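A short write-up of the structure that comes next.
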Amino acid sequence: MINIKKLRDEIDAVENALATRGYALDKDLFINLEKERKVLQVEVESLQSERKSLSNEFGKLKSQGKETDELKVNIDKINNKLKDKDSTLQTILEKINIFLLDIPNIPHESTPIGLNQDNNVVIKKYGDNLSTNSVDHLDITSNIDTELAAKLSGSRFSVLKGDIAKLQRALISFMLDTAIKNGYEEYYVPFMANKDSLTGTGQLPKFEEDLFKTTENLYLIPTAEVPLTNIHRDSLIDQNKLPIKLTSHTPCFRSEAGSYGRDTKGLIRQHQFEKIELVEVVEAKNSMDALNGLLNNAEEILQLLELPYQVVELCTGDIGFSACKTFDIEVWMPSQNTYREISSCSNFSDFQARRANIKIKTHSGKDLAHTINGSALAVGRTLIAILENKYDGSKEITLPQALKPYIENLTISI
RNA sequence: GGAGAGUUGGCUGAGUGGUCGAAAGCGCCUCCCUGCUAAGGAGGUAUAUGGGUAACUGUAUCGAGGGUUCGAAUCCCUCACUCUCCGCCA
């Protein structure tokens, strides 16, 4: 949620900043709602004040055994007026709240301006041995079985078997251990989250259709960002406890509504996939440095896995709803002859902290925290990147040395 | 699933209809005292939001929502969550 004060004081600046990400702020709507709100709020509050003092008087008269009928008539009058005005005020406030929840974060000044992904900026390329293998992962191995998954569940699921299943397990352990080595504390968290949590991190109310809803109150998490960030929802964190660095491996569930026909083949886009997530809660002044650090931590995984990648600085039109700044890491995917997103590292500034009420206690007061997070990494995509980049036409693949502690044999059969 | 007890400020915890935004303690801040430390003393210290250039001041908030009442932390209803015991169970 953006700061309503900022919206009141600098609405033109906010409008312009949001326009760079393709969001048309309905300025007139807001200004009119605010105008109404102001008048009504003043009326309601002065009526409440009046009632309060008359009620006190009522109590005094009563205790002295004096006549209260006349006073009660007056109070009733006020109460009637109040009831009317207050319900109108509540309606206005609700409209303002809905309006605010719909507004995306304001892009950071360093985020390149541009309306879509064509304006993203590649800022780094790593690894120059770009494989030209054109065989895709489903053809490389029969141990990724999407047809079987279709029988069990439906489209956009997969079954992993044998060495491939082991490889996934090895990757998960490797990534978690790397995160721990980099100072993140490992968590095991629920894979279902409530509405408050999803509102806190920004998935709700706007993106409900992207989520799987299980019961009245629970949704399958689309990323571990949701539980990890919400660990600190509604809390006041001591400044000296910062930075807070958390990691978790979870499955992630996404409905992929609206992506019909995109990446239908293989492991690229699934309803369920494994991911290791890094989350940090930091002070405002440190959040950009923290984002860079987190990005380095994610890159390190790819380097250790000997995978070529590039880092892309997303432009204003391509960053996510809650983010003010995002770097994507894209891994070389030979069969597609292109780089594909394998991690997304974002700074959310105080956007999530305001929604989730995450504050920092400093010696001079309380400040909203900044939250950042990123994948390190999406496991399924990492797995297929290894397969496709290491494939040499034989029935075996030799895994990078970094995985040695995590799997009994670095040469696996496919 | 059954029975019961709870949910109050940064924390612990008092408060069963008005004088309660809320005792007390802890923590924190400022100052005093002491050669340093420890101990001690005085004062301050919730959040959100409105109005106002400001000084200042209004309102709301005691898990959430509704109700009773002139007036609700306090009484009633619904819901969520926590804890205890019983049952069941990986």
Side-chain angles (χ1 to χ4, degrees), chain A residues 1-9 11 30-101 188-200 204-205 213-219 227 230-242 244 281 283 350-351 353-369:
Chain A
M1 188 135 54
I2 69 167
N3 188 350
I4 190 168
K5 283 180 188 155
K6 194 168 174 134
L7 205 54
R8 287 184 189 133
D9 298 343
I11 193 159
F30 180 72
I31 290 171
N32 285 329
L33 284 171
E34 270 289 290
K35 211 186 281 174
E36 285 188 75
R37 191 218 92 235
K38 214 176 219 182
V39 173
L40 277 164
Q41 186 166 340
V42 169
E43 283 186 85
V44 165
E45 290 183 358
S46 64
L47 284 170
Q48 283 171 329
S49 171
E50 214 177 321
R51 178 181 63 184
K52 199 174 186 177
S53 64
L54 291 183
S55 284
N56 269 325
E57 204 179 313
F58 187 102
K60 280 188 195 121
L61 291 179
K62 205 75 176 170
S63 70
Q64 295 162 10
K66 289 184 182 162
E67 179 59 41
T68 55
D69 286 0
E70 193 187 334
L71 190 52
K72 181 166 160 29
V73 171
N74 284 332
I75 296 175
D76 283 346
K77 248 184 243 169
I78 290 171
N79 269 334
N80 282 334
K81 232 189 281 181
L82 189 58
K83 200 175 167 191
D84 192 46
K85 297 277 183 194
D86 190 49
S87 78
T88 315
L89 177 62
Q90 292 312 319
T91 311
I92 302 283
L93 288 177
E94 182 55 20
K95 281 182 185 165
I96 291 175
N97 193 40
I98 289 168
F99 182 80
L100 288 177
L101 284 173
Y188 170 81
V189 294
F191 303 157
M192 295 186 206
N194 59 28
K195 196 174 173 179
D196 285 347
S197 292
L198 287 150
T199 305
L204 289 179
K213 189 172 187 175
T214 59
T215 70
E216 226 22 46
N217 300 312
L218 295 178
Y219 298 80
N230 278 285
I231 284 172
H232 295 287
R233 172 154 51 84
D234 290 323
S235 57
L236 183 62
I237 302 162
D238 233 58
Q239 190 175 26
N240 61 27
K241 297 255 169 62
L242 300 176
I244 290 173
V281 180
E283 286 180 84
D350 60 13
F351 190 85
R354 187 172 291 106
R355 286 175 165 243
N357 188 26
I358 304 172
K359 291 188 177 158
I360 296 167
K361 184 177 184 177
T362 65
H363 52 270
S364 57
K366 298 169 187 180
D367 299 322
L368 283 170

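For clarity, every value in this text was computed on a predicted model and none was experimentally measured. Per chain, numbering begins at 1; letters A, B, ... match sequence-line order. Computation of the quantities below employed the complete heavy-atom set of this structure, encompassing side-chain atoms and omitting hydrogens, waters and symmetry-equivalent molecules.
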Let's test this: given Watson-Crick or G-U wobble pairing with both distances under 3.5 Å, identify the partner of [N].
N      : value
A54(B) : none
U47(B) : A60(B)
U30(B) : A42(B)
A24(B) : U12(B)
G4(B)  : C83(B)

In whole angstrom, give the distance that lies between atom [atom1] of [X] and atom [atom2] of [N].
X         : N      : atom1 : atom2 : result
Asn56(A)  : A72(B) : CG    : P     : 11 Å
Lys366(A) : G27(B) : NZ    : C1'   : 12 Å
Asp76(A)  : U68(B) : CG    : C1'   : 14 Å
Leu40(A)  : U59(B) : CG    : C1'   : 14 Å
Leu82(A)  : G71(B) : CG    : P     : 10 Å
Arg51(A)  : A60(B) : CZ    : P     : 7 Å
Glu50(A)  : G71(B) : CD    : C1'   : 15 Å
Lys361(A) : C11(B) : NZ    : P     : 9 Å

Between [atom1] of [X] and [atom2] of [Y], what distance do you get to the nearest 0.5 Å?
X         : Y         : atom1 : atom2 : value
Lys85(A)  : Glu45(A)  : NZ    : CD    : 14.0 Å
Asp76(A)  : Lys83(A)  : CG    : NZ    : 11.5 Å
Asn230(A) : Asp196(A) : CG    : CG    : 8.5 Å
Asn3(A)   : Leu368(A) : CG    : CG    : 8.0 Å

Inter-nucleotide [atom1] distance ([N], [M]), Å rounded:
N      : M      : atom1 : answer
U74(B) : G6(B)  : C1'   : 16 Å
C29(B) : G15(B) : P     : 31 Å
U49(B) : U37(B) : C1'   : 45 Å
G10(B) : C85(B) : C1'   : 34 Å
G1(B)  : C88(B) : C1'   : 8 Å
G27(B) : G17(B) : P     : 34 Å

#### Entry: OP1 or OP2 of U69(B) under 4.0 Å from side-chain N/O of Lys72(A)
no

### Phosphate OP1/OP2 of U59(B): any Ser49(A) side-chain N/O under 4.0 Å
yes

Looking across every strand, which nucleic acid part, if any, lies under 4.0 Å from [X] by heavy atom: base, sugar-phosphate, or nothing?
X        : value
Lys77(A) : nothing
Lys60(A) : nothing
Asn79(A) : sugar-phosphate

### Query
How do Asn3(A) and Leu54(A) order along RNA chain B: which one's closest nucleotide is nearer the 5' end?
Asn3(A)

#### Entry: 5' precedence on RNA chain B between Lys62(A) and Leu236(A) (nearest-nucleotide basis)
Leu236(A)

### Task
Might you point out which heavy atoms bring Ile92(A) and Arg37(A) nearest each other, and give the distance in Å?
CG2-CB, 3.9 Å

### Task
Would you please say whether a donor-acceptor pair under 3.5 Å links the side chains of Ser53(A) and Asn56(A)?
no

### Candidate nucleotides G10(B), U59(B), C70(B), ranked by approach to the side chain of Lys52(A) - the nearest
U59(B)

Hey, what are the protein-to-nucleotides 50-57 of chain B N/O distances that come in under 3.5 Å?
| unit_1 | atom_1 | unit_2 | atom_2 | d |
| --- | --- | --- | --- | --- |
| G50(B) | OP1 | Arg8(A) | NH1 | 2.1 |
| G50(B) | OP1 | Arg8(A) | NH2 | 3.2 |
| G50(B) | O4' | Gln41(A) | NE2 | 2.9 |
| G50(B) | O3' | Arg37(A) | NH2 | 3.3 |
| G51(B) | OP1 | Lys38(A) | NZ | 3.0 |

### Message
Treating Arg355(A) as the side-chain partner and Leu101(A) as the backbone partner, does any N or O pair qualify as donor plus acceptor under 3.5 Å?
### Response
yes

### Task
Would you mind telling me which of Leu82(A), Leu54(A), Thr68(A) makes a side-chain contact (heavy atoms from CB on, under 4.5 Å) with Ile75(A)?
Leu54(A)

